[in-house]
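Throughout, protein chains are lettered first and strands after them, A, B, ... in sequence-line order, and every chain is numbered starting at 1. We use all heavy atoms of the structure for the numbers below, so side chains are in, but hydrogens, waters and symmetry mates are not.
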Number of protein chains: 2
Amino acid sequence: MQVKPPKTSIRADNEAAILAAAESVFAEVGFKGATTSEIARRADVPKANLHYYFATKEDLYRIVLQRVLTVWLSAASSMDDNEEPEVALSRYIGMKMDLSRTMPLGSQIWASEIMRGAPMIKDFLETTLKEWVSDHEIVVQRWISDGKIYPVAPKALFFMIWATTQHYADFSTQIAAMNGGAPLSDEEFETARLQVIEMIVRSVVKPPAAPAKTL
Amino acid sequence: MQVKPPKTSIRADNEAAILAAAESVFAEVGFKGATTSEIARRADVPKANLHYYFATKEDLYRIVLQRVLTVWLSAASSMDDNEEPEVALSRYIGMKMDLSRTMPLGSQIWASEIMRGAPMIKDFLETTLKEWVSDHEIVVQRWISDGKIYPVAPKALFFMIWATTQHYADFSTQIAAMNGGAPLSDEEFETARLQVIEMIVRSVVKPPAAPAKTL
DNA sequence: GTCTATAATCGGATAGAC
DNA sequence: GTCTATCCGATTATAGAC
């Protein structure tokens with residue numbers, strides 16, 4: 001008994017092409033704006049054929065969304081609470097910037113889903129995401145108590161991190177327009193990545209106490 | 001000869017209702033996802049009737065978009081280059097936070113438009129917005145030369161400001177979920193507003209030189 | 001298992017009634 | 001000037017062919 005039967009090459013290829021096409025269409029125009037015809041066109045499969053592999057547009061969307069949530073979770077776990085705030089924050093922010101670079105479509109789909117009221121991930125937001133926030137608020141509070149960072153509202157910090165890092169994915173069109181019309185090169189992105197880390201870290205982490213000049 | 005003939009009350013009321021409904025629908029599902037039927041439904045006018053007041057869906061969208069751009073410009077001009085960086089930045093960030101609070105739909109429509117590749121505001125981005133950025137990069141560079149702020153890439157700073165402030169509009173659903181399911185109250189928002197200003201200012205503005213303990 | 005012809009519905013827009 | 005019946009193309013989905 002084979003739990004995971006090997007898919008035919010045709011099926012595997014078609015499903016992969018459809019999922020990739022779906023990701024790009026959903027990222028551009030959201031769930032409501034997407035049409036199965038456009039997805040099929042980009043996947044280069046006959047329009048009606050798509051429904052053989054994925055019964056409904058909603059099924060397709062759910063699968064694409066699920067992958068986004070999975071990726072989010074992997075990044076979320078990269079924030080190591082046992083490190084010093086500067087290290088933990090730098091790693092997490094850097095990881096989120098990497099995600100915006102390598103998987104911008106996922107970020108855009110997330111944004112679209114939130115803007116329409118998050119009908120399909122409401123539960124994820126209220127459970128998994130909420131718990132991550134609650135858990136890490138405690139960490140930030142401890143950093144504050146230990147005098148390592150300024151007294152800030154933890155949520156405001158998380159929102160700033162999410163907003164700024166995801167901006168490089170969600171608003172890449174606007175960023176390109178500010179960059180003379182071309183998307184950021186690898187070098188330009190790396191500079192931005194370091195800048196974002198540096199600014200956000202400085203926004204909360206106290207500088208090391210300056211050694212008294214005399215004593 | 002009357003340049004601006006007074007609109008009948010019926011026309012004025014219907015147009016206003018349709019525009020308000022259009023704004024909310026476009027904010028939720030973007031241009032592509034919006035349907036004239038849904039807009040008409042929310043405006044409480046017969047579906048096909050909408051087309052009497054606004055010829056096409058695109059016309060309606062352009063008008064709504066235009067208002068968003070106008071508001072953006074008014075906020076943009078609130079950054080006074082002659083002030084000290086802390087004052088200028090605080091005012092601009094505060095103004096952007098106010099906009100996110102009072103006109104969240106406009107922010108969401110902007111985000112949607114950017115995510116689909118900005119077909120209708122490409123020109124605005126490449127001219128007006130690009131010029132604002134170029135002009136203000138010079139200001140930030142001067143602040144750096146004057147030793148008032150840390151050496152940061154000006155664009156990275158602008159993006160952080162836009163991203164963080166607009167996050168409170170674009171991701172209000174997610175923020176509400178983190179807030180126990182309820183949107184931020186006026187008090188909670190005011191706290192967030194102050195936190196955002198404080199963090200972003202600290203991310204770039206150098207603290208006043210500490211007076212030497214002894215000398 | 002894979003794919004296509006076609007049904008059923010919804011969408012944007014208009015011609016013409018009031 | 002205001003509004004409605006209606007057209008036509010687009011869209012989702014399926015029944016059934018290969």
Side-chain angles (χ1 to χ4, degrees), chain A residues 1-65 112 116 119-120, chain B residues 1-65 109 112-113 116 119-120:
Chain A
M1 172 178 137
Q2 201 159 3
V3 175
K4 198 176 180 181
K7 293 174 178 174
T8 66
S9 174
I10 289 177
R11 170 174 288 271
D13 290 353
N14 282 343
E15 286 185 355
I18 291 168
L19 282 171
E23 195 179 28
S24 78
V25 174
F26 287 134
E28 280 173 29
V29 293
F31 174 72
K32 188 86 195 322
T35 64
T36 52
S37 357
E38 175 61 15
I39 294 171
R41 202 188 58 73
R42 293 195 196 183
D44 200 31
V45 300
K47 162 190 155 162
N49 196 334
L50 175 149
H51 285 282
Y52 165 61
Y53 292 103
F54 301 94
T56 69
K57 175 170 125 171
E58 187 175 318
D59 285 350
L60 195 46
Y61 185 65
R62 281 189 190 282
I63 292 169
V64 170
L65 250 191
S112 252
R116 72 182 187 126
M120 297 209 185
Chain B
M1 174 178 139
Q2 201 159 6
V3 176
K4 199 176 179 182
K7 293 173 178 174
T8 66
S9 174
I10 289 177
R11 170 174 286 271
D13 289 353
N14 282 342
E15 286 185 354
I18 291 168
L19 282 171
E23 195 179 28
S24 78
V25 174
F26 287 135
E28 279 174 29
V29 293
F31 175 72
K32 187 84 194 325
T35 65
T36 52
S37 355
E38 176 61 16
I39 294 171
R41 199 187 60 72
R42 294 196 195 182
D44 200 31
V45 301
K47 161 190 154 160
N49 196 333
L50 174 149
H51 285 282
Y52 165 61
Y53 293 104
F54 301 93
T56 69
K57 175 170 124 171
E58 188 175 318
D59 285 349
L60 195 46
Y61 185 65
R62 281 188 189 282
I63 292 169
V64 170
L65 250 191
I109 291 167
S112 252
E113 175 66 12
R116 70 181 188 130
M120 296 207 188

Shortest non-hydrogen contact between G30(B) and S112(B), atoms and distance: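 Smallest heavy-atom distance, with atoms named: CA-OG, 3.6 Å.
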Mind grabbing the angle between the end helix axes of the helix from dG1(C)-dC18(D) to dC18(C)-dG1(D)? Five pairs an end, 10° rounding.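 Roughly 0°, once rounded to the nearest ten degrees.
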Please give me every residue in residues 33-44 of chain B whose heavy atoms get under 4.0 Å of an atom in DNA chain D, ordered by residue number.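 Contacts with DNA chain D under 4.0 Å: none.
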Whether the side chain of K57(A) engages the backbone of A34(A) through a donor-acceptor N/O pair (distance < 3.5 Å, no angle test) should be reported.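 Confirmed, K57(A) side chain pairs with A34(A) backbone.
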Ignoring hydrogens and geometry, is there a side-chain-to-backbone donor-acceptor pair from E15(B) to Y53(B) under 3.5 Å?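 Side chain of E15(B) to backbone of Y53(B): no pair is present.
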Length of the line joining [X]:[atom1] and [N]:[atom2], which is rounded to integer Å:
X: H51(A); N: dA5(C); atom1: NE2; atom2: C1'; value: 14 Å
X: K57(A); N: dT14(D); atom1: NZ; atom2: P; value: 14 Å
X: K32(B); N: dA10(D); atom1: NZ; atom2: C1'; value: 10 Å
X: E58(A); N: dT11(D); atom1: CD; atom2: C1'; value: 16 Å
X: F54(A); N: dT14(D); atom1: CZ; atom2: P; value: 16 Å

Sort me out a list of protein N/O and nucleotides 1-5 of chain D N/O pairs below 3.5 Å, or just none if empty.
{"unit_1": "dT2(D)", "atom_1": "OP1", "unit_2": "T8(B)", "atom_2": "OG1", "d": "2.4"}
{"unit_1": "dT2(D)", "atom_1": "OP2", "unit_2": "R11(B)", "atom_2": "NE", "d": "3.2"}
{"unit_1": "dT2(D)", "atom_1": "OP2", "unit_2": "R11(B)", "atom_2": "NH2", "d": "3.4"}
{"unit_1": "dT2(D)", "atom_1": "OP2", "unit_2": "Y52(B)", "atom_2": "OH", "d": "3.3"}
{"unit_1": "dC3(D)", "atom_1": "OP2", "unit_2": "N14(B)", "atom_2": "ND2", "d": "3.2"}
{"unit_1": "dC3(D)", "atom_1": "OP2", "unit_2": "Y53(B)", "atom_2": "OH", "d": "2.9"}

Quick test of your reading of the model: are E38(B) and K32(A) salt-bridged, counting only N-O distances below 4.0 Å?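 No, E38(B) and K32(A) are not salt-bridged.
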In terms of ring plane angle, is the pair F26(B) and Y61(B) parallel, tilted or perpendicular, where the classes change at 30° and 60°?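 If you compare the ring of F26(B) with that of Y61(B), the planes turn out perpendicular.
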